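Here the structure is laid out as C-alpha coordinates; the discussion comes afterwards.
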Amino acid sequence: NNNNNNNNNNRSGSNSTYNSFFWGNKFRMVPQGFIFPIYNVKTIWNLWFYGNASEGIGPYRHLLKHLDDLHPSTQKVNVSRANKVISYMIDIAKEKNFIDSIESIQSLSLEESHNLFNKIYPLLLEYCYDNRNPKRPNDLQINTIADRLYKRRKLDNITT
(Lines give C-alpha, C1' and ligand atoms only; values in the text may rest on other atoms or scores of the structure.)
Protein backbone atom coordinates (compact mmCIF):
# COMPACT_ATOMS: atom_id res chain seq x y z
CA ASN A 1 0.00 0.00 0.00
CA ASN A 2 1.62 3.23 -1.18
CA ASN A 3 -0.39 6.14 0.23
CA ASN A 4 0.92 9.66 -0.14
CA ASN A 5 0.52 12.35 2.47
CA ASN A 6 1.16 15.97 1.54
CA ASN A 7 3.37 18.04 3.79
CA ASN A 8 3.93 21.71 3.14
CA ASN A 9 7.62 22.32 3.57
CA ASN A 10 9.41 25.53 2.77
CA ARG A 11 12.97 24.37 2.19
CA SER A 12 15.77 25.91 0.17
CA GLY A 13 13.74 28.87 -0.95
CA SER A 14 11.17 26.53 -2.48
CA ASN A 15 7.47 26.63 -1.77
CA SER A 16 6.90 23.15 -3.17
CA THR A 17 4.70 20.60 -1.49
CA TYR A 18 6.49 17.36 -0.71
CA ASN A 19 4.89 14.02 -0.07
CA SER A 20 5.35 11.45 2.63
CA PHE A 21 5.08 7.93 1.26
CA PHE A 22 3.56 5.18 3.38
CA TRP A 23 5.11 1.76 2.97
CA GLY A 24 6.69 -0.79 5.27
CA ASN A 25 4.25 0.30 8.00
CA LYS A 26 5.62 3.84 8.26
CA PHE A 27 5.79 7.18 6.49
CA ARG A 28 8.90 7.67 4.42
CA MET A 29 10.60 10.40 2.43
CA VAL A 30 10.62 8.50 -0.88
CA PRO A 31 8.25 6.06 -2.58
CA GLN A 32 8.85 2.35 -2.28
CA GLY A 33 11.37 1.25 -4.89
CA PHE A 34 12.93 4.71 -5.18
CA ILE A 35 16.26 4.64 -7.00
CA PHE A 36 18.74 7.39 -6.17
CA PRO A 37 19.57 8.86 -9.58
CA ILE A 38 23.02 8.91 -11.12
CA TYR A 39 22.93 12.20 -13.00
CA ASN A 40 25.40 14.90 -13.84
CA VAL A 41 26.71 16.93 -10.91
CA LYS A 42 24.55 20.01 -11.55
CA THR A 43 21.35 17.96 -11.60
CA ILE A 44 22.31 16.23 -8.34
CA TRP A 45 23.19 19.65 -6.85
CA ASN A 46 19.67 20.87 -7.68
CA LEU A 47 18.01 17.71 -6.33
CA TRP A 48 20.20 17.87 -3.20
CA PHE A 49 19.00 21.35 -2.27
CA TYR A 50 15.58 21.60 -3.96
CA GLY A 51 14.24 18.06 -4.32
CA ASN A 52 12.08 16.72 -7.11
CA ALA A 53 8.78 18.59 -7.02
CA SER A 54 7.29 16.59 -9.90
CA GLU A 55 7.65 13.41 -7.82
CA GLY A 56 6.83 15.12 -4.53
CA ILE A 57 10.26 14.32 -3.04
CA GLY A 58 11.94 16.90 -0.80
CA PRO A 59 15.59 17.95 -0.97
CA TYR A 60 17.69 14.82 -1.39
CA ARG A 61 20.11 15.95 1.32
CA HIS A 62 17.43 14.90 3.81
CA LEU A 63 17.92 11.29 2.67
CA LEU A 64 21.00 11.24 4.92
CA LYS A 65 18.55 11.07 7.86
CA HIS A 66 16.31 8.54 6.07
CA LEU A 67 18.75 5.92 4.80
CA ASP A 68 16.40 3.15 5.92
CA ASP A 69 14.02 4.36 3.17
CA LEU A 70 16.53 3.20 0.55
CA HIS A 71 16.73 -0.36 -0.74
CA PRO A 72 18.91 -2.06 -1.83
CA SER A 73 21.94 -0.90 0.11
CA THR A 74 23.64 0.29 -3.10
CA GLN A 75 21.23 3.22 -2.97
CA LYS A 76 22.72 4.20 0.39
CA VAL A 77 26.18 4.14 -1.19
CA ASN A 78 25.00 6.45 -3.97
CA VAL A 79 23.60 8.93 -1.42
CA SER A 80 26.88 8.79 0.50
CA ARG A 81 28.90 9.41 -2.66
CA ALA A 82 26.71 12.35 -3.66
CA ASN A 83 27.06 13.73 -0.14
CA LYS A 84 30.87 13.54 -0.37
CA VAL A 85 30.91 15.50 -3.62
CA ILE A 86 28.39 18.12 -2.49
CA SER A 87 30.16 18.47 0.89
CA TYR A 88 33.46 19.05 -0.87
CA MET A 89 31.82 21.67 -3.07
CA ILE A 90 30.44 23.39 0.04
CA ASP A 91 33.94 23.34 1.54
CA ILE A 92 35.29 25.03 -1.60
CA ALA A 93 32.55 27.66 -1.44
CA LYS A 94 33.35 28.40 2.22
CA GLU A 95 37.10 28.47 1.59
CA LYS A 96 36.62 30.96 -1.29
CA ASN A 97 34.20 33.02 0.84
CA PHE A 98 31.35 32.50 -1.64
CA ILE A 99 29.17 31.44 1.33
CA ASP A 100 29.40 31.42 5.12
CA SER A 101 27.68 28.09 5.76
CA ILE A 102 25.46 25.41 4.26
CA GLU A 103 22.52 27.41 5.55
CA SER A 104 23.58 30.14 3.12
CA ILE A 105 22.98 27.76 0.21
CA GLN A 106 19.68 26.56 1.60
CA SER A 107 18.32 30.11 1.53
CA LEU A 108 19.35 30.84 -2.09
CA SER A 109 16.92 31.08 -4.97
CA LEU A 110 17.37 28.52 -7.74
CA GLU A 111 19.09 31.14 -9.93
CA GLU A 112 21.46 32.15 -7.11
CA SER A 113 22.19 28.48 -6.46
CA HIS A 114 23.03 27.97 -10.15
CA ASN A 115 25.38 30.97 -10.03
CA LEU A 116 27.11 29.54 -6.96
CA PHE A 117 27.40 26.11 -8.61
CA ASN A 118 28.95 27.73 -11.68
CA LYS A 119 31.65 29.30 -9.48
CA ILE A 120 32.39 26.12 -7.50
CA TYR A 121 32.22 23.41 -10.17
CA PRO A 122 35.29 24.51 -12.18
CA LEU A 123 37.31 24.55 -8.93
CA LEU A 124 36.13 21.03 -8.11
CA LEU A 125 37.14 19.86 -11.60
CA GLU A 126 40.57 21.49 -11.27
CA TYR A 127 41.15 19.52 -8.08
CA CYS A 128 39.74 16.21 -9.33
CA TYR A 129 41.45 16.36 -12.71
CA ASP A 130 44.75 17.87 -11.57
CA ASN A 131 44.24 21.08 -13.56
CA ARG A 132 43.51 19.16 -16.78
CA ASN A 133 40.21 19.79 -18.55
CA PRO A 134 37.94 16.74 -18.68
CA LYS A 135 35.93 16.07 -21.82
CA ARG A 136 32.33 17.28 -21.65
CA PRO A 137 32.57 18.51 -18.03
CA ASN A 138 28.86 19.32 -17.81
CA ASP A 139 28.01 15.69 -18.58
CA LEU A 140 30.16 14.15 -15.85
CA GLN A 141 28.09 12.00 -13.54
CA ILE A 142 28.18 12.37 -9.78
CA ASN A 143 29.80 8.92 -9.30
CA THR A 144 32.57 9.78 -11.78
CA ILE A 145 33.41 12.88 -9.77
CA ALA A 146 33.12 10.92 -6.50
CA ASP A 147 35.64 8.37 -7.82
CA ARG A 148 38.01 11.14 -8.87
CA LEU A 149 37.60 12.91 -5.55
CA TYR A 150 38.38 9.73 -3.58
CA LYS A 151 41.47 9.01 -5.69
CA ARG A 152 42.73 12.58 -5.45
CA ARG A 153 42.22 12.76 -1.68
CA LYS A 154 44.00 9.42 -1.30
CA LEU A 155 46.96 10.78 -3.29
CA ASP A 156 46.96 13.96 -1.19
CA ASN A 157 47.04 11.90 2.01
CA ILE A 158 50.00 9.86 0.72
CA THR A 159 52.01 12.93 -0.27
CA THR A 160 51.39 14.97 2.89
Side-chain angles (χ1 to χ4, degrees), residues 7 9 11-14 16 18-24 26-96 98-108 110 113-114 116-130 134 136-160:
N7 291 327
N9 295 315
R11 298 181 195 141
S12 302
S14 170
S16 298
Y18 304 119
N19 293 330
S20 292
F21 301 89
F22 191 79
W23 56 273
K26 67 187 231 181
F27 285 100
R28 300 180 183 265
M29 185 180 158
V30 294
Q32 189 170 14
F34 172 80
I35 302 294
F36 188 86
I38 304 301
Y39 292 140
N40 67 50
V41 179
K42 187 167 191 175
T43 301
I44 296 295
W45 173 273
N46 290 334
L47 292 169
W48 199 255
F49 291 105
Y50 297 92
N52 185 335
S54 66
E55 294 185 19
I57 299 171
Y60 285 26
R61 70 181 183 277
H62 297 300
L63 284 169
L64 293 168
K65 295 179 183 172
H66 298 277
L67 291 175
D68 60 331
D69 291 358
L70 301 173
H71 301 281
S73 60
T74 53
Q75 298 308 306
K76 297 172 188 177
V77 171
N78 290 337
V79 171
S80 175
R81 292 165 65 85
N83 181 51
K84 293 286 186 205
V85 173
I86 300 295
S87 294
Y88 190 75
M89 293 177 76
I90 292 167
D91 289 345
I92 291 171
K94 287 194 247 180
E95 181 182 305
K96 298 292 183 184
F98 298 150
I99 60 167
D100 296 324
S101 66
I102 189 169
E103 289 78 20
S104 302
I105 298 173
Q106 295 167 350
S107 65
L108 296 177
L110 191 58
S113 177
H114 286 184
L116 178 61
F117 177 90
N118 290 335
K119 290 180 186 176
I120 301 168
Y121 191 58
L123 300 172
L124 173 68
L125 292 178
E126 278 179 25
Y127 178 72
C128 290
Y129 285 86
D130 202 24
R136 299 188 340 259
N138 294 333
D139 295 335
L140 292 171
Q141 293 186 347
I142 194 80
N143 280 347
T144 302
I145 296 297
D147 288 343
R148 286 279 185 162
L149 191 55
Y150 287 126
K151 288 176 186 172
R152 180 60 197 256
R153 285 185 149 174
K154 194 173 184 180
L155 283 174
D156 286 353
N157 288 336
I158 291 170
T159 60
T160 54

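Predicted, not measured: the structure shown is a model, and the values here were computed from it.
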Exercise. Is the Tyr50 to Tyr60 ring centre distance short of 6.0 Å?
Worked result: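 Judged by ring-centre distance (under 6.0 Å), Tyr50 and Tyr60 do not meet the cut-off.
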
For this session: Evaluate the side-chain proximity of Thr144 to Asp147: yes if any heavy-atom separation is below 4.5 Å, no if none is.
Result: no

Exercise. Are any of the side-chain heavy atoms of Val41 and Phe117 separated by less than 4.5 Å?
Worked result: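 Yes, close enough: below the 4.5 Å cut-off.
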
Exercise. If you draw a 6.0 Å radius around OH in Tyr39, do more than 12 non-hydrogen atoms from other residues or ligands fall strictly inside?
Worked result: no

List the atom of [X], the atom of [Y], and the distance in Å for their closest heavy-atom pair.
X	Y	result
Ile57	Phe34	CD1-CE1, 3.6 Å
Trp48	Val79	CH2-O, 3.9 Å
Met89	Ile120	O-CG2, 3.5 Å

Exercise. Salt bridge between Asp139 and Lys42, side-chain N to carboxylate O under 4.0 Å?
Worked result: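 Judged by the 4.0 Å cut-off on N to carboxylate O distance, Asp139 and Lys42 do not form a salt bridge.
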
I'd like to know if the side chain of [X] and the backbone of [Y] have a donor-acceptor N/O pair within less than 3.5 Å.
X	Y	value
Arg81	Asn143	yes
Arg61	Phe49	yes
Tyr121	Leu116	no

Exercise. Taking Asn83 as the fixed residue, which of Leu63, Asn78, Leu64 is the one that meets the side chain to side chain contact (heavy atoms under 4.5 Å, CB included) rule?
Worked result: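 Output: one option passes, namely Leu64.
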
Problem set entry | Test salt bridge (Lys or Arg N to Asp or Glu O under 4.0 Å) applied to Asp130 and Arg148, Arg152, Lys151, the passing residue | Arg152

